[in-house]
Amino acid sequence: ASGDLTRRKLMPALYHLHQAGQLPEPFQIIGVARRPYSDGDWRQELLAALRQHGRPPLPSEESWNQFAQRVFYCQGDLSDPATYARLASQIQSAQPPELRHHLLYYLATRPSQFGEVVERLHAQNLLYPAPAQGWQRVVIEKPFGHDLASARALNQVLARHVSEDQIFRIDHYLGKETVQNILMFRFSNAVFERLWNRDAIDHVQITVSETAGVGDRAGYYEEAGALRDMLQNHLLQVLALVTMEPPVSLEAEAIRDEKVKLLRCVRRYPPEEAQRHVVRGQYTAGTVEGRPVAAYRQEPRIQPDSSVETYVAARLYLDNWRWSGVPFYLRTGKRLPRTVSEVRIQFRPTPHVLFAALCSPTPAANAVTLRLQPREGISLRFNGKVPGLDLRSRPVRMHFDYNAEFGAYTPEAYERLLRDALAGDATLFLRRDEIETAWAIADGLRAAWTGQPLRPDEFYPAGCWGPPAADALISATGHAWHEPLLLP
Ligand code: BG6
């Protein structure tokens with residue numbers, strides 16, 4: 001209850017869902033943490049957080065009170081059985097009684113506590129694989145494990161106390177409108193899907209860049225690094241949605257089946273080969289958005305000789321019929337020049353260079369860019385004739401802008417995910433085999449540098465697009481990183 005995620009994301013999301021009439025009625029929220037708070041103290045803290053982090057309009061006193069009277073606090077340490085006894089008695093005295101049998105536990109705890117909390121909830125009769133009445137579900141925040149072995153071990157602990165359909169593993173990227181729009185774009189538009197394969201596509205670039213540094217998450221980040229923090233989950237999920245086969249239906253299992261099938265096709269490199277396909281980087285001091293910023297190694301609570309990566313780039317191949325031979329370049333990093341997430345589908349050039357001899361510059365190949373955030377939208381790049389007597393071409397764009405088309409309201413990822421978990425819809429959550437396959441991929445890529453100190457070409461000054469090693473990675477296969485679109 002006292003964590004950053006709860007204040008910044010979860011409670012604002014629940015409040016906005018309530019405002020929109022999207023929470024089931026009746027409902028009650030109980031927050032658990034160690035601080036000696038009363039219900040009133042916690043409500044005050046949440047209201048302040050909502051004013052800071054919620055979407056406009058700011059809550060009126062009346063609407064806040066309607067929500068806040070359903071919010072309660074339960075003080076206790078998560079490793080103390082007495083906490084669960086108190087929680088059980090709060091649940092058992094909830095009114096009306098149906099509240100006692102429809103329970104969603106949201107584990108926004110330290111990752112090392114996920115297994116223990118589920119075990120203790122079970123021991124206190126608060127969580128069963130097949131509850132006699134109503135339903136019981138458990139949402140697990142990231143990181144779900146640290147590598148394949150730990151993710152498997154956690155899955156085994158969970159499986160002892162709950163069944164797979166009760167487990168909702170979060171990847172908040174899947175809750176983003178534009179990430180969901182990838183499937184709509186692909187499978188409701190015949191014109192693009194026919195080109196969505198190795199015959200028409202030259203390569204694909206997926207970029208998730210952030211201007212932020214490690215912030216106050218040093219403890220977590222020193223254990224994680226960019227590969228585990230971003231690529232293992234968010235980037236691989238985006239890759240799966242962009243490249244999977246059409247699902248047989250929109251049912252959760254049908255979509256998750258296709259994603260798992262796709263992830264299984266990601267080529268695994270033997271450890272000695274991984275270095276040729278994946279590079280890491282770490283930021284040194286530099287300037288981001290006009291502000292001087294410190295090197296990663298100088299950030300508070302970071303080891304002065306840390307080799308943890310704040311940037312990772314990989315070249316992946318999908319060994320299946322549709323994508324054979326097409327390189328997929330994935331990159332993500334902190335302290336890059338802009339905060340932007342996009343997927344660029346680069347089509348092959350025209351088969352015959354009719355205009356090339358006459359045009360200057362040579363017409364560029366087509367590209368579709370899916371801008372996931374910010375300024376969500378989709379762009380198609382093609383060549384147009386520059387008006388005039390000379391034969392000159394210039395790339396131009398057709399651009400669909402989400403906000404211009406639909407207005408500025410886009411629900412926050414956590415609103416969508418919380419609503420789905422309450423409704424029992426697991427489509428946007430990760431299945432056991434999916435998360436384990438993604439970890440197996442990440443473990444294989446990490447072999448590229450395990451135990452090695454950073455090389456000089458793996459450092460990049462904050463505020464540039466990554467280390468020289470990343471440019472060498474992509475140029476080795478004849479390509480170059482495209483700077484994400486600058487939209488007007
Ligand atoms: C989180 C990572 O999962 O995603 C963070 O742990 C990262 O390091 C964040 O900053 C990015 O999410 P978003 O929604 O801001 O793109």
Side-chain angles (χ1 to χ4, degrees), residues 3-10 12-13 52-55 106-111 114 139-146 151 168-182 206-239 241 280-283 288-289 293 296 299-302 306 308-312 330-343 370-377 402 410-418 428-430 435 438-439 442 462 466 484:
D4 189 52
L5 186 75
T6 302
R7 277 197 306 273
R8 279 193 310 114
K9 298 285 186 189
L10 301 181
Q52 200 183 343
H53 303 294
R55 286 193 277 112
Y106 198 112
L107 272 53
T109 68
R110 278 207 305 278
F114 293 152
V139 181
I140 314 264
E141 258 300 331
K142 69 164 275 217
F144 191 97
H146 189 68
F168 291 70
R169 300 176 189 83
I170 287 258
D171 181 324
H172 81 279
Y173 262 59
L174 294 180
K176 292 183 191 268
E177 278 294 313
T178 37
V179 173
Q180 289 164 45
N181 195 39
I182 296 174
I206 301 179
T207 300
V208 178
S209 64
E210 296 181 284
T211 54
V214 63
D216 54 10
R217 297 162 79 218
Y220 158 73
Y221 206 82
E222 279 279 275
E223 295 284 310
L227 176 60
R228 290 186 172 104
D229 184 44
M230 299 292 287
L231 192 142
Q232 181 273 341
N233 37 72
H234 308 326
L235 276 84
L236 287 183
Q237 286 296 319
V238 171
L239 173 73
L241 293 172
R280 63 179 165 172
Q282 189 190 82
Y283 61 83
V288 177
E289 295 174 320
V293 296
Y296 178 73
E299 302 263 21
R301 295 186 293 120
I302 300 291
S306 171
V308 165
E309 79 285 0
T310 59
Y311 175 100
V312 60
L330 279 57
R331 62 174 168 167
T332 181
K334 298 212 180 277
R335 290 284 189 234
L336 300 185
R338 286 160 49 206
T339 295
V340 50
S341 301
E342 69 177 38
V343 181
L370 309 174
R371 169 60 71 83
L372 306 178
Q373 63 184 24
R375 308 284 313 270
E376 294 85 346
Y402 238 79
T410 319
E412 275 277 315
Y414 277 100
E415 290 175 43
R416 172 68 190 236
L417 295 173
L418 276 161
L428 302 178
F429 297 84
L430 308 182
I435 210 150
W439 272 121

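Counting starts at 1 for both ligands and their atoms, following the listed order.
- Under the 4.5 Å side-chain criterion, counting only non-hydrogen atoms from C-beta, Lys334 is not in contact with Tyr296.
- Considering CG of Asp229 and CG of Asn233, their distance stands at 6.5 Å, rounded to 0.5 Å.
- Within ligand 1, the atoms closer than 4.0 Å to a non-hydrogen atom of Met230 are 2 (C), 4 (O), 7 (C), numbered from 1 in the order shown.
- Of the candidates Glu210, Lys176, Glu141, Lys176 brings a heavy atom nearest to atom 13 (P) of ligand 1.
- Annotation for ligand 1: atoms under 4.0 Å from non-hydrogen atoms of Lys334 are 5 (C), 7 (C), 8 (O), 10 (O).
- When only non-hydrogen protein atoms are considered, atom 8 (O) of ligand 1 lies nearest to Asp229 OD2, 2.6 Å.
- From the protein, the heavy atom lying nearest to atom 15 (O) of ligand 1 is Gln373 NE2, 4.3 Å.
- The closest side-chain donor-acceptor pair between Tyr402 and Gln373, if any, does not fall under 3.5 angstrom.
- Not a single heavy atom of Tyr221 sits less than 4.0 Å from an atom of ligand 1.
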Run the side-chain contact (heavy atoms from CB on, under 4.5 Å) check on Arg371 and Thr178 step by step: do they pass?
-> CA-CA 8 Å; Arg371 169 60 71 83; Thr178 37; over 6 Å; no

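- Shown here are the salt bridge (charged side-chain N to carboxylate O under 4.0 Å, His left out) partners of Arg8, two or more places apart in sequence or in another chain: Asp4.
- Residue-to-ligand polar distances place Arg217 within reach of ligand 1: an N/O pair is separated by less than 3.5 Å.
- Each of the following atoms of ligand 1 lies closer than 4.0 Å to a heavy atom of His234: 1 (C), 3 (O), 4 (O).
- Close contacts of ligand 1 with Lys142, meaning ligand atoms under 4.0 Å from a residue heavy atom, involve 1 (C), 2 (C), 3 (O), 6 (O).
- Residues satisfying the salt bridge (charged side-chain N to carboxylate O under 4.0 Å, His left out) criterion with Lys176, sequence neighbours excluded, are absent altogether.
- The closest protein non-hydrogen atom to atom 12 (O) of ligand 1 is His172 NE2, 3.2 Å.
- Put simply, the side chain of His234 reaches to within 4.5 Å of the side chain of Asp171, judged on heavy atoms.
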